Amino acid sequence: MKKKASKTWWHTGTAVVLGTGLLAGCGGASGNSQGEGNSSGGGNGSSVVDYSHASGQIVFAASPVGNGNQNIIPILVQQFEKSHPDIKVQLVNQSTDTDTNRASLTTQIGGGSATPDVYMGDVVWPAQFAASGLAEPLSKVLPSSFWNRFSNGLVSGATYKGQVYAAPFFVDSSFLYYRKDLLDKAHLPVPTSWEQVQQESEQLQKQGLVKYGFVWQGASYEGLTCDFMEFLTDAGGKVLDSSGKAALDSPEANKALTFMKGLVDSGVSPKSEVTFQEPQAEDAFLQGSAAFLRNWSYAWNDSQNPSTSKVVGKVGVTVLPTFGGGGGYSYVGGWDLYVNPHTKNMAAALAFIDWMTGTEGQKILSQLEIPTNASVASDPSVQSKNPIYALASKTHYVSRPVQSSNYPQISQAIYTNVNAVLAGSESVADALKKAQQQIAQVQSSGGGL
Ligand code: GLC
């Protein structure tokens, strides 16, 4: 039996749990007890598939991970094909917008299509995909020993009603990226509070050193829920109270949203912030138009690549700030590998997932993202190559209430109303009331958490 503590290398911060849904590191279904310490096969007593002689073709649907030629997905596919000459993988590119990606897969697989055989899906999808029959329960077809490889807590995030529906692929953690050359020129410290980000941005803009201060994800989609919830948790607020009731209409939420609106109103963030997803925010920063960026793990590597970044050598990365100062909160983001229940080649699909979450695949992935494979994630030679590993252990993680199959509607209630405030079409107070009502409605219509 492996020691659990040693597997949770990235989760040393204080986890804040929103609602009863837990994503990583704090329990949920049952830690990663699915098979932990039991390597005798027999995933939940069902038909485990032998994939050791798999062959044929599979279709893999995945959004790019990494900017431009840094996209690591085709590289992984190529390496897999090299090590498995009998299996061919056709890669289908999905949207980088997690909601658009989800909608296309829901339509395709919900319509009965046998492809894609394997797809990369957000860590917030397992409950919805499981409840709608869009994902194969992998704990039925993989031996229970398979799950031992993952860092603690990740398997529980992919578990719904006692079955594991996806194999954790990588963990996304969010950070503050900053222009160290500009801070040096203006003799400013690396900010540790949000107030400092605002003030330093204004100063750098006034001195004509940069066009915008801070770019982040303000468009009406899942990414805005992440950004808002980080500010909200930091302000001491919650989406749901301890009894699971909507609790968004609070002074803390008001503080968080008023601050976000102030970023746009003051010009520290551009007016187009309301349309920014990850790629637009990252591009603004990499092109040299902004001093600070909130983005996920992969942005470090992207910032070091001269073919996509004009600021190579000028970038620093640190933990997200807080109100008042100190190490802040990051959402637990990331992506899993799912199997289409209608696949005609289950063995090849599983061989692919085994390799992608095994040592070889995860080592390649670790150049860009935080691996889910515990032995790779804790390997000093992997950790020393990227500053995000040291920062991840200083970050406080927050999970989304994703155990509800209605999580997408809850998130939508948050991001549409927050976006309306940023766009100036709704007041902070009205937006929070509306979001609260909409969440309560989702819950009363069967989406209770
Ligand atoms: C990243 C995260 C994912 C999150 C998404 C929001 O891709 O890994 O979990 O939902 O961003 O845009």
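Being a predicted model, the structure only gives us computed values, none of them experimental. Note that ligands are numbered from 1 as they come in the structure, with each ligand's atoms numbered from 1 the same way.
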Exercise. Considering distance alone, does some N or O of V123 sit under 3.5 Å from an N or O of ligand 1?
Worked result: no

For this session: Give the intermediate values and the outcome of side-chain contact (heavy atoms from CB on, under 4.5 Å) for residues F169 and V123.
Result: CA-CA 9 Å; F169 184 36; V123 291; over 6 Å; no

For this session: Give the intermediate values and the outcome of side-chain contact (heavy atoms from CB on, under 4.5 Å) for residues L263 and W216.
Result: CA-CA 10 Å; L263 290 169; W216 37 286; 3.8 Å; yes

Exercise. Does the side-chain contact (heavy atoms from CB on, under 4.5 Å) test come out yes or no for S309 and Q304, once each step is laid out?
Worked result: CA-CA 7 Å; S309 167; Q304 303 304 301; over 6 Å; no

Seminar exercise, completed: One finds that the ligand 1 atoms under 4.0 Å from a non-hydrogen atom of G334 are 2 (C), 3 (C), 8 (O), 9 (O)

Seminar exercise, completed: In ligand 1, the atoms that come under 4.0 Å of a heavy atom of G223 are 6 (C), 12 (O)

Exercise. Do N254 side-chain atoms and V428 backbone N/O form a donor-acceptor pair below 3.5 Å?
Worked result: no

For this session: State if V124 counts as touching ligand 1 under the rule of any non-hydrogen atom under 4.0 Å.
Result: no

Exercise. Is it true that E222 and R400 make a salt bridge, defined as a side-chain N closer than 4.0 Å to a carboxylate O?
Worked result: yes

Exercise. Side chain, backbone, both or neither: which part of E278 comes within less than 4.0 Å of ligand 1 when only heavy atoms are counted?
Worked result: side chain

For this session: Return the residue, atom name and 0.1 Å-rounded distance of the protein heavy atom closest to atom 2 (C) of ligand 1.
Result: D172 OD2, 3.4 Å

Seminar exercise, completed: Min over Y298, W335, Y331 of heavy-atom distance to atom 7 (O) of ligand 1 lands on W335

For this session: Consider only side-chain N and O atoms of S104 and Q94, and report whether a donor and an acceptor are under 3.5 Å apart.
Result: yes

Exercise. Between D99 and R102, is there a salt bridge with N-O shorter than 4.0 Å?
Worked result: yes

For this session: Look at atom 1 (C) of ligand 1 and say which protein heavy atom is nearest, naming residue and atom and giving the distance to 0.1 Å.
Result: W296 NE1, 3.3 Å

For this session: If you have a sec, work out which protein heavy atom is nearest atom 3 (C) of ligand 1 and how many Å separate them, to one decimal?
Result: D122 OD2, 3.3 Å

For this session: Run through T98, V402, T106 and flag the one making a side chain to side chain contact (heavy atoms under 4.5 Å, CB included) with W125.
Result: T98

For this session: Check ligand 1 against E222 and write out every atom of the ligand that is under 4.0 Å from a heavy-atom position of the residue.
Result: 10 (O)

Exercise. For R400, is the nearest heavy atom under 4.0 Å from an atom of ligand 1?
Worked result: yes

